[in-house]
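Structure first, then comments.
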Amino acid sequence: MAGEKQKMSTGKKVLIGIGVYLAVTAIALAIISQTDAWKNTGAEQNAQSVFAEGTKEDGVPTADAPLERRVSYWLKTVDQTSVKGVHFSSGDDGAEIYADVGTVWNEDRLITVSCYYALDLAKTLYEHCPEYNRISFVFRTTVTDALGNDTVVPVFKFSLSRAVFEKMNYENFRLMVMQDYNSMWNAVENVYIAPDIKKNLKKLTKKAALF
């Protein structure tokens with residue numbers, strides 16, 4: 001009789017233990033389910049927020065993203081091996097691009113790489129920023145005066161319109177400019193070359209000397 005009571009007591013304990021285990025498991029599953037739901041809701045909200053801000057999941061701005069964001073992003077995609085400190089400002093229908101060319105050791109090369117960079121950047125911005133109808137470029141360098149003071153000054157400026165750019169055979173014209181930067185004068189306007197740079201240009205044509 002005592003043995004039967006002991007068996008019944010042991011059985012109750014087992015059942016109670018199983019019941020507690022099942023209850024704890026149910027609570028744990030409920031917490032996990034709520035956590036997953038919260039994560040999914042957060043992920044969805046984040047995705048909606050990113051989309052609302054005009055940015056795709058890979059970080060590329062959408063076509064309807066604010067202009068400033070598009071320009072800032074696409075500026076970084078263009079090779080800046082020959083320039084640094086690139087920044088911009090937007091006007092009514094165009095942009096002004098500022099780029100530092102560093103120390104000038106070869107004036108002809110300065111003009112060539114500046115033109116080359118400008119063509120690449122114009123292609124990118126005109127493709128992704130339909131608001132722009134004209135892009136002005138200002139290439140600058142640092143000069144040191146007789147007292148050792150450094151000043152950043154513009155040495156080469158010009159503007160390139162969308163109308164002219166869209167008539168251009170981009171790849172062919174790019175090669176032409178690389179071979180002879182004087183080809184650039186057929187496409188750009190408002191050209192300025194600083195006198196100290198111009199006087200040392202060996203490849204400048206007579207037509208360009210009128211700038």
Side-chain angles (χ1 to χ4, degrees), residues 49-56 58-104 107-145 149-168 170 173-174 177-178 181 183-198 201 208 210-211:
S49 175
V50 168
F51 180 78
E53 292 174 358
T55 305
K56 300 178 183 177
D58 57 2
V60 178
T62 58
D64 59 349
L67 178 61
E68 302 288 312
R69 183 178 303 148
R70 277 179 283 139
V71 177
S72 296
Y73 176 86
W74 292 111
L75 276 178
K76 298 174 184 177
T77 67
V78 178
D79 182 22
Q80 296 184 13
T81 303
S82 302
V83 299
K84 59 182 180 179
V86 179
H87 62 281
F88 73 98
S89 64
S90 294
D92 293 336
D93 68 343
E96 194 161 52
I97 305 296
Y98 301 86
D100 298 331
V101 294
T103 303
V104 179
E107 286 79 1
D108 287 293
R109 175 169 173 72
L110 161 68
I111 300 299
T112 299
V113 298
S114 297
C115 291
Y116 209 63
Y117 171 76
L119 288 173
D120 287 350
L121 186 55
K123 180 178 185 299
T124 298
L125 293 185
Y126 280 145
E127 179 179 351
H128 298 286
C129 304
E131 298 92 333
Y132 287 158
N133 291 311
R134 178 176 300 277
I135 301 175
S136 298
F137 295 89
V138 180
F139 294 93
R140 309 178 303 180
T141 191
T142 301
V143 297
T144 305
D145 64 19
N149 299 303
D150 291 337
T151 306
V152 177
V153 297
V155 291
F156 183 34
K157 300 190 291 186
F158 58 85
S159 59
L160 175 60
S161 70
R162 177 185 290 275
V164 171
F165 185 83
E166 291 180 345
K167 294 177 182 178
M168 186 186 296
Y170 170 73
F173 190 73
R174 193 167 177 260
V177 170
M178 198 63 179
Y181 59 71
S183 299
M184 195 72 171
W185 317 143
N186 296 319
V188 298
E189 302 174 305
N190 307 316
V191 179
Y192 166 81
I193 303 175
D196 287 342
I197 298 295
K198 186 186 295 185
L201 292 173
L210 298 175
F211 294 149

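What you see below is based on every heavy atom in this structure, not just the backbone, and it leaves out hydrogens, waters and symmetry mates.
Contact check for Leu125 versus Ile97: side-chain heavy atoms found under the 4.5 Å cut-off. Between Val101 and Thr141, some side-chain heavy-atom pair lies under the 4.5 Å cut-off. Looking only at side-chain heavy atoms (C-beta outward), Val188 and Trp185 come within less than 4.5 Å of each other. A heavy-atom distance below 4.5 Å is found between the side chains of Val60 and Trp74. With a 4.5 Å cut-off on side-chain heavy atoms, Tyr181 and Leu201 count as touching. Within the 4.5 Å cutoff, no side-chain heavy atoms of Ser136 are placed close to those of Asn190. Contact of the Pro154 side chain with the Tyr98 side chain is not registered, since no non-hydrogen atoms from C-beta on lie closer than 4.5 Å. At least one side-chain heavy atom of Phe156 sits under 4.5 Å from a side-chain heavy atom of Cys115.
The nearest pair of heavy atoms linking Pro195 to Tyr192 is CD-OH, 3.7 Å. Across all their heavy atoms, Pro130 and Arg162 have their closest contact at CA-NH2, 3.4 Å.
Atoms CZ and CD, on Phe165 and Glu127 in that order, are 9.0 Å from each other to the nearest 0.5 Å. The line from CZ of Phe173 to CE of Met168 is 4.5 Å long, rounded to the nearest 0.5 Å. To the nearest 0.5 Å, the span separating CG on Leu75 from NE2 on His128 amounts to 11.5 Å. Taking SG of Cys129 as the reference point, atom CD1 of Ile135 lies at 8.0 Å (rounded to 0.5 Å).
The closest donor-acceptor contact from the side chain of Thr77 to the backbone of Tyr73 lies at 3.5 Å or more, if one exists at all. No side-chain donor-acceptor contact under 3.5 Å links Arg174 to the backbone of Leu119. Within the 3.5 Å criterion, the main-chain N or O of Glu166 finds no donor-acceptor partner in the side chain of Tyr126. The main-chain N or O of Ser159 is never found under 3.5 Å from a side-chain atom of Arg134 such that the two would form a donor-acceptor pair. Judged by distance alone, with hydrogens and angles left aside, the side-chain atoms of Tyr132 form no donor-acceptor pair with the main-chain N or O of Ala95 at under 3.5 Å.
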Candidate pair Phe158 and Phe139, rule side-chain contact (heavy atoms from CB on, under 4.5 Å), full reasoning: CA-CA 9 Å; Phe158 58 85; Phe139 294 93; 3.9 Å; yes

Verdict with supporting geometry, Thr112 and Val177, side-chain contact (heavy atoms from CB on, under 4.5 Å): CA-CA 7 Å; Thr112 299; Val177 170; 5.6 Å; no

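Among the candidates Pro61, Ser90, Ser72, the single residue satisfying the side chain to side chain contact (heavy atoms under 4.5 Å, CB included) test with Leu67 is Ser90.
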